[in-house]
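What follows is a set of notes on a single structure, which appears directly below.
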Amino acid sequence: MGDIEQEHELAGFSTRAIHAGQEPDPTTGAVVTPISLSTTFAQDGVGNHKGFEYSRSGNPTRTAVDTQIASLEEARYGMSFASGLAAEDNILRVLKQGQRVLLGNDAYGGTFRLIANVWSPMGYPWSAVDLTDLDGLRANWPDDTGMIWLETPTNPLLTCFDIEAIAAIAHERGAIVVVDNTFATPYLQQPITLGADIVVHSATKYLGGHSDVVGGFVATSNDELAEKIAYTQNAAGAVPSPFDSYLVLRGVKTLAIRMDRHCQNARAIVDLLVDHPAIERVLYPQLPDHPGHEAAAKQMKDFGGMVSFQVKAGRDAAMRVADATSIFTLAESLGAVESLIEHPAAMTHMSAAGSPLEVPDNLVRLSVGIEDSHDLVDDLAQALDSI
Ligand SMILES: *Cc1c(COP(=O)(O)O)cnc(C)c1O
């Protein structure tokens with residue numbers, strides 16, 4: 001578990017991304033954090049060690065990335081996991097049996113599956129809530145709620161929610177607020193500074209940023225929650241390998257410049273889509289009529305690299321668009337340098353079919369990469385013209 005270093009607390013975002021937790025190696029002077037493969041660490045006397053004993057419990061490469069990302073989230077503690085879902089599973093373990101999870105009614109399909117199909121049968125009830133309706137949330141708050149779980153922007157509808165307002169409602173009622181910050185990343189939004197108790201990431205996406213590592217991350221500034229999650233991290237053991245930790249550490253160094261380019265390219269794509277005759281609706285938080293636009297404008301530095309749209313001609317046409325691009329690769333996942341296109345109802349969100357989290361079947365989701373924007377615009381334009 002990395003603890004944010006005081007000296008980096010006031011430095012700028014990219015300075016922290018490149019230096020927090022990453023001092024040159026004291027024995028060799030290596031500027032790049034070594035990949036520490038040793039599973040065990042020599043002790044000077046029984047119980048007298050240098051901070052590391054056994055690599056599941058703590059590993060130097062992992063500590064570097066824990067410190068780096070915690071610093072970017074302006075959180076006191078950070079913990080890396082083997083995947084985003086492993087991180088989520090460890091967060092859910094802070095609940096007591098019988099406590100309810102309120103899940104925003106648009107969320108990553110795997111989060112829904114974990115809460116509804118794995119945790120709920122073990123005695124942790126859940127319900128889906130519309131988090132754009134704060135009066136409704138206050139009025140219909142279930143008394144057994146222990147945790148409210150939200151994404152903003154959501155996957156795949158990109159709805160945005162007011163983290164500060166939701167945190168105030170939840171805290172008045174004694175519930176913990178978890179924000180999945182995978183889509184925004186700490187560069188665009190820092191939920192802990194807005195009142196969230198826990199931030200969770202799929203590091204597989206923008207943090208890693210190159211589609212070559214699966215990872216998860218938890219950040220919190222709450223001592224008690226940090227202690228509980230660190231305990232189960234070690235007890236249940238869903239830790240990332242040193243090499244995976246290194247890949248995330250390396251990816252995060254360029255997060256700010258990648259995110260700026262993702263946002264810029266996404267805007268070029270949105271400009272194409274809003275005027276296109278084949279498009280029924282464009283979903284992007286910057287659009288003034290987008291659900292949660294005001295919350296996004298208030299709490300985000302920019303609007304992100306994810307763009308979704310609905311095709312007028314329906315499901316089959318949406319699938320044909322996803323098939324017809326050549327630079328946008330038809331694939332699941334998101335958040336890396338290369339642009340991806342997918343059909344959520346048939347791919348990432350199939351597990352939500354028939355649930356309150358079901359997504360429209362004429363929806364296409366784009367993860368806009370950092371290629372040259374004119375190539376991306378041309379590619380999508382020819383795909384839309386071909387359907
Ligand atoms: C991918 C994703 C996850 C799950 O993360 P994995 O690393 O695939 O386990 C969770 N939340 C969101 C928003 C995601 O996009």
Side-chain angles (χ1 to χ4, degrees), residues 65 69 73 78-92 101 103-119 128 131 147-161 163 178-189 191 196 198-219 233 236 238-241 244-245 247-248 251-252 255 259 262 283 285 292 296 300 304-308 331-336 340-344 347-352 357 359 363 365-369:
V65 72
I69 302 174
E73 287 288 359
M79 288 160 269
S80 298
F81 287 87
S83 68
L85 284 171
E88 296 188 11
D89 186 66
N90 274 255
I91 292 169
L92 290 162
V101 183
L103 178 62
N105 63 0
D106 181 37
Y108 175 66
T111 301
F112 159 76
R113 184 175 55 200
L114 179 66
I115 291 172
N117 298 352
V118 178
W119 279 82
L131 294 172
M147 182 180 280
I148 182 157
W149 191 296
L150 62 125
E151 297 172 11
T152 178
T154 61
N155 182 357
L157 299 178
L158 305 172
T159 306
C160 296
F161 303 121
I163 297 172
V178 179
V179 175
D180 183 332
N181 206 26
T182 299
F183 272 34
T185 81
Y187 181 61
L188 300 181
Q189 165 179 290
I198 298 174
V199 164
V200 63
H201 278 281
S202 170
T204 315
K205 315 295 169 54
Y206 287 106
L207 297 180
H210 296 74
S211 299
D212 54 9
V213 58
V214 171
F217 198 79
V218 172
Q233 180 194 39
V239 295
S241 73
D244 288 354
S245 302
L247 285 174
V248 175
V252 170
L255 182 63
M259 289 314 292
H262 284 297
L283 298 151
M300 295 176 76
M306 300 299 296
V307 178
S308 296
E332 298 194 3
S333 200
L334 61 106
L340 303 178
I341 188 165
E342 69 126 0
H343 184 264
M347 294 169 67
T348 47
H349 288 67
M350 220 154 66
S351 65
L357 281 79
V359 296
L363 188 79
R365 189 189 77 183
L366 303 175
S367 173
V368 182

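Numbering of ligands and ligand atoms starts at 1, following listing order. Keep in mind it's a predicted model, so treat the numbers as computed, not measured.
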Notebook entry, point to check: How about Thr182 and Glu151: does a side-chain donor come under 3.5 Å of a side-chain acceptor?
Noted result: no

Element-labelled atoms of ligand 1 that are located less than 4.0 Å from some non-hydrogen atom of [X]:
X	value
Glu88	10 (C), 11 (N)
Ser83	7 (O), 9 (O)
Asn155	15 (O)

Notebook entry, point to check: Looking only at heavy atoms, is any part of Asp180 under 4.0 Å from ligand 1, and if so is it the side chain, the backbone, or both, or is it neither?
Noted result: side chain

Notebook entry, point to check: What pairs with Ala184 under side chain to side chain contact (heavy atoms under 4.5 Å, CB included), at least two apart in sequence or on another chain?
Noted result: Pro153, Asn181, Leu188, Gln189, Met300

pair [X]-[Y]: side-chain heavy atoms closer than 4.5 Å:
X	Y	answer
Met306	Tyr206	yes
Val248	Ile69	yes
Leu363	Leu283	yes
Glu73	Pro191	yes

Please verify whether a non-hydrogen atom of [X] lies at under 4.0 Å from ligand 1.
X	answer
His201	no
Gly215	yes
Leu334	yes

Next item on the list: List the closest protein heavy-atom neighbour of atom 15 (O) of ligand 1: residue, atom name, distance to the nearest 0.1 Å.
Entry: Lys205 NZ, 2.7 Å

Next item on the list: Determine the sole option in Leu340, Leu334, Ile341 for which the side chain to side chain contact (heavy atoms under 4.5 Å, CB included) test with Arg365 is passed.
Entry: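 The side chain to side chain contact (heavy atoms under 4.5 Å, CB included) with Arg365 is passed solely by Leu334 among Leu340, Leu334, Ile341.
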
Check: Hey, does Val214 come in under 3.5 Å of ligand 1, counting only N/O atoms on both sides?
Finding: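 No, Val214 has no N/O under 3.5 Å of an N/O on ligand 1.
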
Next item on the list: From atom 4 (C) of ligand 1, work out which of Tyr206, Phe217, Tyr108, Phe183 has a heavy atom at the shortest distance.
Entry: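 That would be Tyr108.
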
